[in-house]
Amino acid sequence: MALYRDNKTVQDEMLYKWKCEQDELKQNLSTKDTFAWQMTSNFCNEEKEREPPSTPNPCQTCDPSSHAQKTVLQYIGGVDISFVKGDDVNACSALVVIALPSLEVVYEDYEMIQLDTPYIPGYLAFREVPFLVEAFDRLKAKAPQFIPQVVLVDGNGILHPKGFGLASHLGVLIDIPTIGVAKNFYATDGLLKDEAYQEKVKQLETGQGFPLFSTENDVLGQAYLPKTDFSKPSKPIYISIGHNISLETAIWVVQLLCQYRVPEPTRQADIRSREVIRKWIKSHNPSQDISMITEN
DNA sequence: GCGACAG
DNA sequence: ATCTTGTCGC
């Protein structure tokens, strides 16, 4: 007799719960600019060699002055979680804040964490977001002066089966504008890696992109081939609205930060959290631990 | 039914 | 996500 429900049932119930939570949180989602900084940032004004978005400008309808008000964009956050290779539990969360126009890291936070949830496509947020929220709690408590004006997230925003990916989910929870930047194409809402898509990618020049339309003709995001400082990226990245920001502004921000294919905030979060992982593995590897040897 | 599928 | 140094080429 079954005194417990089988794993299939447990997972189905979990997915149902997650779906409800996504619907719930999505009510708070905003896809508009809600901030004071403007597209004419200190970055563009002071760095001659780094031009504002170039041809073809994906922001045809965007008047920079409409983003206006008092401040300039200075602090940008990046989050990422790195993993231990043969280990589906231990990982390291990272939150970094970089400053414009230097792109220097001015704040960093790493934490070894224990994942309790599997990765299920469409539900990435439920695996990673609790740890990211905790990182922002620490930032708010310890160094509120570095709270970023916008956060770049490794993963999609509204470019998601339910229109509410990790970037949107995190944005709503921390109430800070977020941008989703995925390194891989997510075929959903009618998006296909079909012939037409392949052809568009093929013809992309660096610094260019094209919009990704849903079946209902909504713009879900932008495929973008970064204009990096060195070699040409092999494949595009996928930019989408996270929360409290327009796609036009999101694209503009990402372009500012693409020194490499992956924009600097998330790139630094990735690189540095991997370094933490390496050290953690070393400290947990018995083979070179003297104390283990002497005690045995 | 089968495969694909952000990180 | 993770594996991985040097190397072929513009």
Rounding to an integer number of Å, can you tell me how far [X] [atom1] sits from [N] [atom2]?
X      : N     : atom1 : atom2 : value
A:K85  : B:dG7 : NZ    : P     : 22 Å
A:F126 : B:dG7 : CZ    : C1'   : 15 Å
A:I281 : C:dT2 : CD1   : P     : 10 Å
A:I120 : B:dA6 : CD1   : C1'   : 13 Å
A:L159 : B:dG7 : CG    : P     : 10 Å
A:D154 : B:dA6 : CG    : C1'   : 9 Å
A:I81  : C:dT2 : CD1   : C1'   : 15 Å
A:I113 : C:dA1 : CD1   : P     : 15 Å

Are OP1 or OP2 of B:dG7 and a side-chain N or O of A:N184 less than 4.0 angstrom apart?
-> yes
Only stems of 3 or more consecutive Watson-Crick or G-U pairs count here, both distances under 3.5 Å; name the ones for DNA chain C, or none.
-> none
Stacking check: are the rings of A:Y119 and B:dG7 less than 5.5 Å apart at their centres and under 30 degrees in tilt?
-> yes
Salt-bridged, A:D80 to A:R272, with N to O below 4.0 Å?
-> no
When rounded to the nearest 0.5 angstrom, what is the spacing between OG in A:S93 and CD1 in A:I113?
-> 5.0 Å
So how far is it from A:D218 CG to A:I158 CD1, rounded to the nearest 0.5 Å?
-> 8.0 Å
Nearest-neighbour nucleotide for the [X] side chain, [options] considered:
X      : options             : value
A:L166 : C:dT2, B:dA6, B:dG7 : B:dA6
A:Y186 : B:dG7, C:dT2, B:dA6 : B:dA6
A:A182 : B:dC5, C:dT2, B:dG7 : B:dG7

Using a 4.0 Å heavy-atom cut-off, does [X] contact any base of the nucleic acid, only the sugar-phosphate backbone, or nothing at all?
X      : result
A:G86  : nothing
A:Y238 : nothing
A:N156 : base
A:Y123 : base

Side chain to side chain contact (heavy atoms under 4.5 Å, CB included) with A:V79: which of A:L132, A:V96, A:D154?
-> A:L132
Apply the side chain to side chain contact (heavy atoms under 4.5 Å, CB included) test between A:V219 and each candidate in A:L212, A:L247, A:L159, A:T31; give the one that qualifies.
-> A:L247
Which atom names give the shortest non-hydrogen contact between A:P226 and A:T206, and what distance separates them?
-> O-CB, 3.7 Å
Parallel, tilted or perpendicular: ring planes of A:Y186 versus A:H160, cut at 30 and 60 degrees = perpendicular
